[in-house]
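Chain naming here is simple, since letters A, B, ... match the order of the sequence lines and numbering starts at 1 in each. None of these values were measured; they are calculated from a predicted model.
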There are 2 protein chains.
Amino acid sequence: MPKQTFFNLSEQKRKTLIESAEIEFTRVPFFEASIANIVKTAGISRGSFYQYFQDKDDLYFYLLEVKLKKAKIYFSGFLEKHQGDLIEALIELQHYFLHALSDEEEKQFLKNALLYTTHRVESSFTSVWDTYLDHQEFKKVGELINREYLNIAAEKELLHVFKIVSALAFNNLIEKTVKGLSDEEAMDSFRLSMSLLKQGIYKQTNKD
Amino acid sequence: MPKQTFFNLSEQKRKTLIESAEIEFTRVPFFEASIANIVKTAGISRGSFYQYFQDKDDLYFYLLEVKLKKAKIYFSGFLEKHQGDLIEALIELQHYFLHALSDEEEKQFLKNALLYTTHRVESSFTSVWDTYLDHQEFKKVGELINREYLNIAAEKELLHVFKIVSALAFNNLIEKTVKGLSDEEAMDSFRLSMSLLKQGIYKQTNKD
DNA sequence: TCATAATATGACACGGTGTCACTTGTCAAT
DNA sequence: ATTGACAAGTGACACCGTGTCATATTATGA
C-alpha cells in the first residue's frame, strides 16, 4: 500500500504520477520498468517517489488493484443477470476482460502483467474471489450464486469450485496472450473449458 | 539453450557450474540471484559465464528443464500402472512433485521457482504435456490414455483436458507453497479438484 | 510572525549486468 | 619441437538501476 503521503497529494499530482507509471508499465514489463523513467515523466524527484511508495512493487500492485476493482463490481452484476448461474456469469466476466484487452494500451499493460510477473499477479486476479470469500461480502455473492445448478455437497466444495474456475480463467488470459489468439478464439477455448468442467470429464458410471 | 561452449566443457567443470547455480537459485529467487555469486562459487570468471550462456535466463531454464525431465518419465510409468486412467496417473505425479518438495533444498529451489518467476516457469511445467502433444511422443502417451473413462467427443477435447489438468496441478503446487500446506493437505486439495473435474460441477439435467 | 512538522530534492554509495581487448590453452600440421 | 590459428578464459570497464540521507523548501497553525 502506498504511504499516507501519497494520499495527501493533490488530485492532480496523484493523477500525473499514476499516469506516468501506467506509461512505463505499458512500455515494458515490471522487471524492466524503471523508477527513474516514471519520476522523469511525472516531473518529480527520485526522493519524492520513495516518500509516496515503499518501492516499485508497492506502486505496481496498487495500480493493478485499482484496475481490478472494476471487475469485481461487474461480476456481481453478471451473476444477477444470469440468475446466479456461476458459469454463465464467469463467461461474461471473461468476455469483459478479453474486451479490455482490445484497447491497444490496456492490452500491452495486461500483457506485461500476465507474462512477466510473479504469482502475485495471479493472486491479484484471483483475489476477485478472495474478497468475497473472506469477508462480509462473501455472504452477498454467496447468496447470488444459485446452488441449484451445482453438484456440490458442502460449502467447502464451493470454495474449491472458485479456485478451479479462477485458475482456468487466468490460464485462458495467458493462453490468449501467449498464442496471440483472437477474442473469439480465446472465448471458444474458455467456453470449452467451462463446458468440460460443468459436465465432468469422466463418463458417469456406477462404480464411482 | 546454453551455447556449444558449455557442452564442450569437461564433465567436472560443467557439474561444478551447475551446482553453483543451484546453490544460488536455492538461496534466492531468480530475480535476486546474481551471476557474480555463481561464478565466484564455481571459481570461474565473469567473462566465461557469458561464453557458456546467453544470460541468466538461459542458465535458469536449462536447469529447470533438466529437473523436469524426470517428471515426464515418471508420468508415463504412472499411466501404465493405472491402466491409462489419466486422473489417477496425475494424482500420483502430483504426489511425486510434492514429495520432491520435502527435500529441504529442492523445496527451497522449487519455492523460488513457483513464487518469484514469470509464466515461463509455468510453461516449463506444463511443457511436460507439450512434448507429448506436439511430437511423436504424443502417440505414445496418447495411446496410454484409456479413453473409455473419458467423456470427450473429439481428440481436440483431449488436448483441452490436458490444459485443464495442468493448470490445476500447477495451481496446487503454488497453493501448497504459498499457504505452507502439508503434503497431505495439498494432496487432499488436489484430489478434491480432480474429483470435481471428473464428476463435473453441475448437476446433470436434461436441458444440456 | 515564527517554530515546527511535512514534503521535496538530487548526489551518492552500492551492486548488478553485459562487453571487449587481451591473455592463455589446445591441437593439428609441418 | 615449432608454429599458427582458433577456442576458451579473463577482469576491468561502461552503463544503469536502486534506496538513502543530509539538506532545502514549503505548509501549518498558534
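- Taking atom CZ of A/Phe7 as the reference point, atom P of C/dA6 lies 18 Å away to the nearest angstrom.
- Qualifying side chain to side chain contact (heavy atoms under 4.5 Å, CB included) partners for A/Glu157, counting only residues two or more places apart in sequence or in other chains: A/Ile152, A/Ala153, B/Leu192, B/Leu196.
- Under the side-chain hydrogen bond (donor to acceptor under 3.5 Å, both in side chains) criterion, the residue pairs touching residues 39-49 of chain A are A/Ser45-A/Ser48, with sequence neighbours excluded.
- Close to C/dA8, at under 4.0 Å from its OP1 or OP2, lies a side-chain N or O of A/Lys13.
- Among residues two or more places apart in sequence or in another chain, the ring pair (Phe, Tyr, Trp, His ring centres under 6.0 Å) test is passed with B/Phe30 by B/Tyr60.
- The side chain to side chain contact (heavy atoms under 4.5 Å, CB included) check on B/Ser34 picks up B/Glu24, B/Ala36, B/Asn37, with sequence neighbours excluded.
- Every residue two or more places apart in sequence or in another chain that forms a ring pair (Phe, Tyr, Trp, His ring centres under 6.0 Å) with A/Phe49 is listed here: A/Phe53.
- For B/Ser48 and D/dA8, the shortest distance from a side-chain N or O to OP1 or OP2 is not below 4.0 Å.
- One interatomic measurement links the two molecules: NZ of B/Lys3 to C1' of D/dA7, which rounds to 13 Å at whole-angstrom precision.
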Using a cut-off of 4.0 Å between protein heavy atoms and nucleotide atoms, how would you tag nucleotides 13-30 of chain D 5' to 3' with B, S and -?
-----BBB----------
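- Remark: B/Asn8 is not in phosphate contact with D/dA7, judged by side-chain N or O atoms under 4.0 Å from OP1 or OP2.
- Taking atom OH of residue B/Tyr52 and atom C1' of nucleotide C/dG18, one finds them 16 Å apart after rounding to whole Å.
- Taking only side-chain nitrogens and oxygens, A/Ser45 never comes nearer than 4.0 Å to OP1 or OP2 of C/dA8.
- The CD-P distance, from A/Gln4 to C/dA5, rounds to 18 Å in whole Å.
- The CD1-C1' distance, from B/Ile44 to C/dT24, rounds to 16 Å in whole Å.
- For an aromatic pair to be called close, the ring centres must be under 6.0 Å apart, and B/Phe6 with B/Tyr62 satisfies this.
- Atom CG of A/Leu9 is separated from atom C1' of C/dT7 by 9 Å (rounded to the nearest Å).
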